[in-house]
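Worksheet for the structure shown next.
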There are 4 protein chains.
Amino acid sequence: MAKIRQPIDPEKEARIIEVAMHEFAQHGYRDTKTENIATRAAVSKGLIFRYFKSKANLYLTTVRYTFAKINQAADLSVWQDSTDLKMMIVRGLRYKIQMQLQYPDEFALAMQAYGDSSALPEKLQPQVQKIWQDVVADSVPLLVTPILERLPMRPGVDPNNVRAMILALSSFIGEKSKVMIQANPHLKVADFDGIVEQAQALMDIVEHGFLANETKA
Amino acid sequence: MAKIRQPIDPEKEARIIEVAMHEFAQHGYRDTKTENIATRAAVSKGLIFRYFKSKANLYLTTVRYTFAKINQAADLSVWQDSTDLKMMIVRGLRYKIQMQLQYPDEFALAMQAYGDSSALPEKLQPQVQKIWQDVVADSVPLLVTPILERLPMRPGVDPNNVRAMILALSSFIGEKSKVMIQANPHLKVADFDGIVEQAQALMDIVEHGFLANETKA
Amino acid sequence: MAKIRQPIDPEKEARIIEVAMHEFAQHGYRDTKTENIATRAAVSKGLIFRYFKSKANLYLTTVRYTFAKINQAADLSVWQDSTDLKMMIVRGLRYKIQMQLQYPDEFALAMQAYGDSSALPEKLQPQVQKIWQDVVADSVPLLVTPILERLPMRPGVDPNNVRAMILALSSFIGEKSKVMIQANPHLKVADFDGIVEQAQALMDIVEHGFLANETKA
Amino acid sequence: MAKIRQPIDPEKEARIIEVAMHEFAQHGYRDTKTENIATRAAVSKGLIFRYFKSKANLYLTTVRYTFAKINQAADLSVWQDSTDLKMMIVRGLRYKIQMQLQYPDEFALAMQAYGDSSALPEKLQPQVQKIWQDVVADSVPLLVTPILERLPMRPGVDPNNVRAMILALSSFIGEKSKVMIQANPHLKVADFDGIVEQAQALMDIVEHGFLANETKA
DNA sequence: AATGAATGAGGGTTCATTCAT
DNA sequence: CATGAATGAACCCTCATTCAT
């Protein structure tokens, strides 16, 4: 009847990570104090170090958790079955914005970890980079490719470049909405309609170009 | 011809700022120690405070200086007189990459100050934002517009969206090269030829679209 | 019988305050180093700031504590039940001297806080003043009045002035003994007999005047 | 035709001391910055150290100078020729108050140097004490004695104690007026009439006692 | 296992004093 | 001789980490 070893209370661990995510996202690594995390997670400071060994390691764990959470929460089917690119972009964008609104801290932390983040102590940077590479990889291409394959491609156009173009456009729009959310966290999805429309217009350009008088061979 | 009173030694001031730029760019605000700056600038710690009043203020000054330096070093004529967009993009990009290689710290600090910078103490953030707004403004649009006006625009295309497209593409490429430089600071401009070519291909898409079978007009 | 939560260890707190009192009394505010207090109180520097937030606040707390300690230690009954003024003065004085010998640091700090104390940083002065007003108030008058009321007063003499006279005399003697104690901290009460006698003689003058040939109406 | 060595410019020296007196009086030793003294004395910081060797020494010199200035300014004849004690006290007090108003900094510094002055760095204290002893000595007794000798003394009264009594009274009143001046530096001599009157009443008590029913033999 | 009081290295800042010009 | 820029020791305070209970 040996008592099962339970070195870690999963609920407390979860609380700590959730709080850490929030704190790191709001204040950055250096200005987040373990004391605060402990208090808000209703846990002792000592426990954080027992569970996570160090602040740096807590950060790493939190970032990993955050990426996982975003990935898991993302319901790719929402836009995966779009019939054309514009529809997909619109759906995907709207969905992403919705998620940014729903998980502002998660997104903020993810972006912070991605950004060159001289915000982080020297030692953490390479490790954070690694997480990115492992997790983010190439999710966008995977989603876009099936649709792209159904579309007739103008001769001489490399599909990879189309994907790159869409990626560029996507992060451009993402940046725009992030700024809006930072300025006013209480916006609704509808408030981003203008941005979505712009994205649509940009996609139109990507599809048909902006030049007139084209004589396509 | 009385000697002008210099409340501070310009050479030392310059040295401090240069070193500060490097340190801030490499380690971020919090992990940069005034002591280090002083040592590397061959100056006493006290002098930094005499000149700049506080670390925060040194940072602000350094960021301002960095923006000014970049702006001043930038020779816009290099690409301003391009006859078509693709040429302009290629020239502009190549030039930008060249500058990133030549001024890696300057660019790194500029990006850091621009990025959401939870790296910075709460209080500094709004001030840094202000510098951005004052300085960066809208340099790209200004350069692109004259060329765009010479090009025939497909009906229904908003020129603003074309500019946005170019901007998105530009920052996408910029990000890519930044990552390369961080990975290996000793690259030459030629090493980025692949990137430039890609940019060219992307511009081609923006100009003519990627879809085949277009029946324009 | 749950153990009461002590946010701080009372023993350490007491040790810190005791040491602080000594150090502040000996060296003044500015020349007292938190490091020293910590060492002598067998406590870490950090703990002082955890308990008292800042050096200034430690000073304020220490001064308050010191006043409280003196007040509490003072056994007013010793002289309160004197039958005549001279006896009261003698007893009171002797008692005060005894206390000065017993609590030299306490008295030194109290006087220092009372004195114009340009010794203190600008900001502390009003706060220290406030402590004085709250605590010291008018203890002497309260004690003297009952006795004075039992004594026949020469016509034309304002009892307030008699009290003032006694106060003046009292601080005069107090000053004298303070100087003696500073010069030699190891004196005994008996060593102050001369002073007490003088006080008695002075009181005699206050009672009967020093002029001869009086023709009192 | 050797040029006379003039190691010290007396005007600058005087300016420094005057300013130092003001600054030390206002802010105390530790909170007075040599930089400020230099600026206000329109002199370079280096000069202060050339002339006075160190801040501590400047303080000492300033205190000495201040005592000398007060002594010199004091016109003792004003009250020396009084015919009775009360008149002398009134005149002397009024004169002292007048001087306090005229030389507030001088008096403030003198009191500060006299007060226990844990305000001063360890090393300075004995030296300041010495200055006091040398200078202040026993000015009051010297002035009072001639008058006292003309007055009939009640048998059993020690003239020294009368002098002590007057001294006590004098410093009591002095303290009172110092507080008033600190509270409002712009008072006129007339504003102290109440105090002077009280002093007179107190002297009356010292002369005739406050007890009624005296049967002086 | 959990707590949170205690630690102390480390960093920003001040300011008396020095010294090259 | 005079200047004031430069120095750097010293000090207050923070906070990640440890450890006795």
Side-chain angles (χ1 to χ4, degrees), chain A residues 3 5-9 12 30-39 43-58 121, chain B residues 3 5-9 12-13 30-39 42-58 121, chain C residues 3 5-9 12-13 30-39 42-58, chain D residues 3 5-9 12 30-39 42-58 121:
Chain A
K3 200 167 141 196
R5 266 299 203 137
Q6 201 168 343
I8 284 189
D9 178 334
K12 286 181 182 168
R30 293 298 306 254
D31 286 331
T32 295
K33 301 168 207 341
T34 53
E35 175 96 48
N36 277 341
I37 295 178
T39 305
V43 144
S44 79
K45 222 188 321 177
L47 202 65
I48 291 180
F49 284 85
R50 166 178 291 280
Y51 283 3
F52 300 95
K53 188 78 178 166
S54 74
K55 183 184 176 184
N57 197 52
L58 171 59
Chain B
K3 203 166 137 198
R5 257 324 183 84
Q6 313 264 164
I8 53 184
D9 180 331
K12 286 181 185 161
E13 186 192 25
R30 296 294 302 258
D31 286 326
T32 295
K33 308 172 209 327
T34 54
E35 177 96 50
N36 273 342
I37 296 178
T39 305
V43 146
S44 76
K45 210 178 352 163
L47 200 65
I48 292 180
F49 288 87
R50 165 187 269 273
Y51 282 6
F52 299 96
K53 191 79 182 165
S54 74
K55 184 185 177 182
N57 197 53
L58 170 60
Chain C
K3 204 166 135 197
R5 256 327 182 80
Q6 314 265 166
I8 53 183
D9 179 333
K12 285 181 186 161
E13 187 193 24
R30 296 295 303 258
D31 286 327
T32 295
K33 308 170 209 330
T34 54
E35 178 95 50
N36 273 344
I37 296 177
T39 305
V43 145
S44 76
K45 214 188 336 173
L47 200 66
I48 292 180
F49 289 88
R50 166 187 268 272
Y51 282 4
F52 300 96
K53 191 77 179 168
S54 73
K55 184 185 176 184
N57 197 53
L58 171 60
Chain D
K3 200 167 144 195
R5 266 299 202 137
Q6 198 168 347
I8 284 188
D9 177 333
K12 286 182 183 170
R30 292 299 304 257
D31 286 331
T32 295
K33 301 166 206 343
T34 54
E35 176 97 48
N36 277 342
I37 296 178
T39 305
V43 144
S44 79
K45 221 187 324 175
L47 201 64
I48 291 179
F49 285 85
R50 165 177 291 282
Y51 283 4
F52 299 95
K53 187 79 179 166
S54 75
K55 183 185 175 183
N57 197 53
L58 170 59

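Sequence lines set the chain letters: A, B, ... in the order given, protein chains first and strands last, and positions in each chain run from 1.
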Find the distance [X]:[atom1] to [N]:[atom2] and express it as a whole number of Å.
X	N	atom1	atom2	result
A:F52	F:dT17	CZ	P	14 Å
A:F49	E:dA5	CZ	C1'	14 Å
B:K55	E:dT13	NZ	P	8 Å
B:L47	F:dA6	CG	P	5 Å
B:I37	E:dT13	CD1	P	11 Å
B:K53	E:dT14	NZ	P	6 Å
B:I48	E:dG12	CD1	P	10 Å
C:E35	F:dA9	CD	C1'	14 Å

(message) How close do C:S44 and C:A38 get, counting heavy atoms only, and between which atoms?
(response) C-CB, 3.8 Å
(request) Locate the shortest heavy-atom distance separating C:K55 from C:F49; write the atom from each residue and the value. (result)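 The answer is N-CE2, 4.1 Å.
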(request) Write down the partner of F:dT21 under the Watson-Crick or G-U wobble criteria, each distance required to be under 3.5 Å. (result) E:dA2
(message) Taking pairing as Watson-Crick or G-U wobble with both contacts under 3.5 Å, can you name the mate of F:dT14, or confirm there isn't one?
(response)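 Because both required distances fall under 3.5 Å, F:dT14 counts as paired with E:dA9.
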(request) Please confirm whether any donor atom in the side chain of A:K45 sits under 3.5 Å from an acceptor in the base of E:dT3, or the reverse. (result) no
From the options [options], select the nucleotide whose nearest atom is closest to the side chain of [X].
X	options	result
B:V43	E:dT13, F:dT7, F:dC12	F:dT7
B:S44	E:dA16, E:dT13, F:dA6	F:dA6
A:R50	E:dT13, E:dG4, E:dA1	E:dA1

(request) For C:R30 and for B:T32, find the nucleotide of DNA chain E with the closest heavy atom, then tell me which residue's nucleotide is more 5'. (result)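 By nearest-heavy-atom nucleotide position, the 5'-most residue is B:T32.
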(message) Restricting to salt bridge (Lys or Arg N to Asp or Glu O under 4.0 Å), what partner residues turn up for A:K12, sequence neighbours left out?
(response) none
Measuring to OP1 and OP2 of [N], would you say a side-chain N or O of [X] lies under 4.0 angstrom away?
X	N	value
C:K33	F:dC12	no
B:T34	E:dG12	yes
B:Y51	F:dA6	yes

(request) With the side chain counted from C-beta on, respond yes when D:L58 and D:I37 share a heavy-atom pair under 4.5 Å apart, and no when they do not. (result)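 Touching, per the 4.5 Å side-chain cut-off.
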(request) Enter the distance from B:K45:NZ to B:T39:OG1 here, rounded to the nearest 0.5 Å. (result)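 Reported to 0.5 Å precision, the distance equals 9.0 Å.
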